[in-house]
Amino acid sequence: MPVVLLFAQAREAAGSASVRVEGSTVREVTSALAARYGTEMEQVVAASRIWRNGDPVAPDDEVADDDEVAVLPPVSGG
């Protein structure tokens, strides 16, 4: 089961900085996050960049049990 690192709003929606969820593709992992944490997480994931092991990925890219998937929401500030 891959480790998912959660940042900013994703961390707030889950109440944790990292979780483990089932999934063999990026889409399955992000869908599992939305199913577990609800609408707020679904919205955050939809607006986020997703990276696997330090590289950007597409929704249909495969994810292995030992992968680290990061959810990086857009950041604003000044």
Side-chain angles (χ1 to χ4, degrees):
M1 204 177 318
V3 172
V4 182
L5 303 178
L6 303 166
F7 296 91
Q9 299 99 324
R11 179 184 298 162
E12 291 174 18
S16 180
S18 67
V19 296
R20 288 190 175 271
V21 295
E22 295 281 343
S24 60
T25 66
V26 172
R27 186 183 321 277
E28 289 177 4
V29 168
T30 56
S31 292
L33 284 173
R36 184 182 293 180
Y37 298 107
T39 304
E40 183 180 357
M41 180 64 80
E42 184 177 17
Q43 293 171 347
V44 169
V45 167
S48 296
R49 299 265 186 182
I50 310 296
W51 290 54
R52 180 191 61 216
N53 301 327
D55 295 314
V57 289
D60 293 324
D61 287 350
E62 292 184 2
V63 176
D65 283 345
D66 60 344
D67 282 340
E68 192 173 77
V69 177
V71 178
L72 304 167
V75 178
S76 64

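All values derive from a computational prediction rather than experimental measurement.
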Asks: Between Val3 and Val26, is there a shared hydrophobic cluster once you connect ILVMFWY residues whose side-chain heavy atoms come closer than 4.5 Å?
Replies: no
Asks: Show the nearest heavy-atom pair for residues Ser48 and Pro73, with the distance to one decimal.
Replies: OG-CA, 3.3 Å
Asks: What is the distance from atom CG of Leu72 to atom CD of Gln9, rounded to the nearest 0.5 Å?
Replies: 11.0 Å
Asks: I'd like to know if the side chain of Arg52 reaches the main chain of Glu62, judged simply by a donor and an acceptor atom lying under 3.5 Å from each other, with no hydrogens or angles considered.
Replies: yes
Asks: Could you pull out the closest heavy-atom pair between Arg20 and Met1, with the gap in Å?
Replies: NH1-O, 2.5 Å
Asks: In this structure, are over 12 heavy atoms from other groups packed under 6.0 Å from Arg36 atom CZ?
Replies: yes
Asks: Look up atom CG in Leu6 and atom CD in Glu12, then write down how far apart they are to the nearest 0.5 Å.
Replies: 11.0 Å
Asks: Tell me the closest heavy-atom pair linking Pro2 and Val21, and the distance in Å.
Replies: CD-O, 3.2 Å
Asks: Between CG of Asp67 and CG of Asp61, what distance do you get to the nearest 0.5 Å?
Replies: 10.5 Å
Asks: Between OG1 of Thr25 and CG of Asp60, what distance do you get to the nearest 0.5 Å?
Replies: 6.5 Å
Asks: Same cluster or not: are Leu5 and Trp51 linked, directly or through other Ile, Leu, Val, Met, Phe, Trp or Tyr residues, by side-chain heavy atoms under 4.5 angstrom apart?
Replies: yes
Asks: Mind checking whether Tyr37 and Val44 have side chains closer than 4.5 Å, heavy atoms only?
Replies: no
Asks: Kindly give the heavy-atom pair with the smallest separation between Ala14 and Met41, and that separation in Å.
Replies: CB-CE, 3.7 Å
Asks: So, taking the atom named CG in Asp65 and the one named OG in Ser24, what distance separates them when rounded to the nearest 0.5 Å?
Replies: 9.5 Å
Asks: Test side chain to side chain contact (heavy atoms under 4.5 Å, CB included) on Leu33 and Val19; report intermediate values, then the result.
Replies: CA-CA 9 Å; Leu33 284 173; Val19 296; 3.8 Å; yes
